[in-house]
Peer 1: 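Just passing along the structure, written as structure tokens.
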Amino acid sequence: MENEPIIIERVYNAPVERVWHAITDLEQMRQWYFPTLTEFEPEIGFETSFDVENSGKVFLHIWKIKEVIPNKKISYEWKFGGYPGDSLVSFELFNEDGKTRIVLTHDKIETFRGDIYADLAKENFVQGWTHFIGTALRAFAEQENEE
């Protein structure tokens, strides 16, 4: 369905604490997620904004932290400056015998009006999250196991 959230689930060969730091520590987030992220605090009510260039266009990302349960869940409101819409991104972590199951949920993407703004179409978010959760974060979180 068009209004269904994006849900991506993976299991990483890394402890929950390491994955938690990767998704909540500014310096680590810059390495695998958004290099242009200027500030981030995993505290309810914290707000940040930063620019991301994609295909020659600059998108102002605006985040506001809505929920924090250390080592378990972080959620933030996600908007784009100059565009309609207000979505919610949640990262949930589960310990599975020393490994981490991560469940990413991005809800209310349809409010971005991807039918009008092609750059904000749902399939672009599916592709982005598949890269971030399936490839970039996995490689970042699991790299210490290789040392």
Side-chain angles (χ1 to χ4, degrees), residues 1-55 57-96 99-143:
M1 293 290 298
E2 186 58 32
N3 293 346
E4 298 263 325
I6 294 170
I7 300 173
I8 297 180
E9 185 173 334
R10 298 288 188 273
V11 176
Y12 300 159
N13 185 21
V16 163
E17 294 78 14
R18 186 181 310 152
V19 178
W20 178 256
H21 288 295
I23 64 174
T24 61
D25 176 80
L26 175 62
E27 293 305 318
Q28 291 188 35
M29 293 170 76
R30 285 179 177 159
Q31 292 179 54
W32 69 271
Y33 198 21
F34 287 111
T36 57
L37 186 62
T38 54
E39 54 185 349
F40 189 86
E41 295 292 333
E43 297 171 5
I44 293 173
F46 176 82
E47 296 183 52
T48 190
S49 61
F50 57 99
D51 289 331
V52 174
E53 188 273 329
N54 186 26
S55 302
K57 295 181 185 173
V58 176
F59 294 89
L60 177 63
H61 289 52
I62 303 167
W63 294 351
K64 182 176 182 180
I65 305 295
K66 303 303 257 181
E67 182 178 15
V68 178
I69 304 169
N71 292 316
K72 294 192 181 303
K73 184 177 183 181
I74 188 164
S75 300
Y76 39 91
E77 180 180 83
W78 180 316
K79 301 189 237 187
F80 293 100
Y83 292 90
D86 188 351
S87 68
L88 185 68
V89 171
S90 297
F91 294 83
E92 292 182 88
L93 306 179
F94 303 89
N95 183 342
E96 294 190 350
K99 296 182 179 185
T100 302
R101 179 165 53 94
I102 186 169
V103 179
L104 176 284
T105 304
H106 195 166
D107 201 8
K108 299 187 169 81
I109 293 172
E110 70 278 1
T111 66
F112 293 145
R113 296 301 312 267
D115 56 326
I116 296 172
Y117 304 102
D119 292 316
L120 303 180
K122 185 174 184 177
E123 55 266 19
N124 293 335
F125 287 93
V126 170
Q127 183 179 15
W129 285 122
T130 299
H131 165 73
F132 282 129
I133 301 303
T135 304
L137 179 56
R138 174 191 302 276
F140 185 81
E142 291 182 349
Q143 71 184 347

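Values below: every heavy atom of this structure, side chains too, minus hydrogens, waters and symmetry copies. Count residues from 1 along the sequence. What you are looking at is a predicted structure, and each value in this text was computed from that prediction instead of being measured.
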Peer 1: Test your reading of the model: is there a side-chain donor-acceptor pair from T36 to the backbone of F50, 3.5 Å cut-off?
Peer 2: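 No, the answer is negative, given that no donor and acceptor are paired below the 3.5 Å cut-off.
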Peer 1: Does any N or O in the side chain of R30 come within less than 3.5 Å of the main-chain N or O of T38, such that one atom is a donor and the other an acceptor?
Peer 2: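 Yes, because the side chain of R30 sits within donor-acceptor range (under 3.5 Å) of the backbone of T38.
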Peer 1: So does Y12 get a backbone contact from the side chain of R138, meaning a donor-acceptor N/O pair under 3.5 Å?
Peer 2: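 No; zero donor-acceptor contacts below 3.5 Å.
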Peer 1: Quick one: are the ring centres of F46 and Y76 less than 6.0 Å apart?
Peer 2: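 No; Y76 has its ring centre 6.0 Å or more from that of F46.
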Peer 1: Donor-acceptor pairs under 3.5 angstrom involving side-chain atoms of residues 100-109: please list them, not counting sequence neighbours.
Peer 2:
from: T100; atom 1: OG1; to: A14; atom 2: O; distance (Å): 2.7
from: T100; atom 1: OG1; to: P15; atom 2: O; distance (Å): 3.4
from: T100; atom 1: OG1; to: V16; atom 2: N; distance (Å): 3.0
from: R101; atom 1: NE; to: E96; atom 2: OE2; distance (Å): 2.6
from: R101; atom 1: NH1; to: E9; atom 2: OE2; distance (Å): 3.3
from: H106; atom 1: ND1; to: W129; atom 2: NE1; distance (Å): 2.8
from: H106; atom 1: NE2; to: S87; atom 2: OG; distance (Å): 2.7

Peer 1: Excluding sequence neighbours, so at least two apart, what forms side chain to side chain donor-acceptor pair (under 3.5 Å) with E67?
Peer 2: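 Only K73 meet the side chain to side chain donor-acceptor pair (under 3.5 Å) criterion with E67.
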Peer 1: Evaluate whether atom CZ of R113 has more than 12 neighbouring non-hydrogen atoms of other residues, nucleotides or ligands under 6.0 angstrom away.
Peer 2: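 It does not: R113 CZ has 12 such atoms or fewer within range.
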Peer 1: Nearest 0.5 Å, what's the CZ-CD1 distance between F80 and I62?
Peer 2: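 Nearest 0.5 Å value for the CZ-CD1 distance: 9.5 Å.
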Peer 1: Give me the atom names and distance for the closest heavy-atom approach of Q28 to W32.
Peer 2: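 Looks like O-CD1, 3.1 Å.
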Peer 1: For the pair Y33 and F91, name the ring-plane relationship: parallel under 30°, tilted 30 to 60°, perpendicular over 60°.
Peer 2: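 Perpendicular: the ring planes of Y33 and F91 meet at over 60°.
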Peer 1: Under the 3.5 angstrom rule, does the side chain of N124 hit a backbone N or O of D119 as a donor-acceptor pair?
Peer 2: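 Confirmed, N124 side chain pairs with D119 backbone.
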Peer 1: At what distance, to the nearest 0.5 angstrom, does CZ of R10 lie from CD1 of I133?
Peer 2: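 If we round to the nearest 0.5 Å, R10:CZ and I133:CD1 are 8.5 Å apart.
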Peer 1: Without swapping roles, check the side chain of S75 against the backbone of K66 for a donor-acceptor pair under 3.5 Å.
Peer 2: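 Checked: no pair found.
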Peer 1: Kindly say whether E4 contributes a backbone atom to a donor-acceptor pair with the side chain of K122 at under 3.5 angstrom?
Peer 2: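 Flag set: sc K122 to bb E4 pair under 3.5 Å.
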Peer 1: Run the side chain to side chain donor-acceptor pair (under 3.5 Å) test against Q127 and tell me which residues pass, sequence neighbours left out.
Peer 2: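 Expected list: none.
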Peer 1: Nearest 0.5 Å please: distance from the OG1 atom of T130 over to the CD atom of E123.
Peer 2: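 CD of E123 is found 12.0 Å from OG1 of T130.
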Peer 1: Anything under 30° is parallel, anything over 60° is perpendicular, the rest tilted; go ahead and classify F40 against W63.
Peer 2: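 Aromatic pair F40/W63 classed perpendicular.
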Peer 1: Checking ring pair (Phe, Tyr, Trp, His ring centres under 6.0 Å) for the pair F132/F34: CA distance, chi angles, key distance, verdict?
Peer 2: CA-CA 10 Å; F132 282 129; F34 287 111; 5.4 Å; yes
Peer 1: Hey, which of I116, L120, L60 is the one that makes side-chain contact (heavy atoms from CB on, under 4.5 Å) with Y83?
Peer 2: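 Going through the options one by one, the only one that passes is L120.
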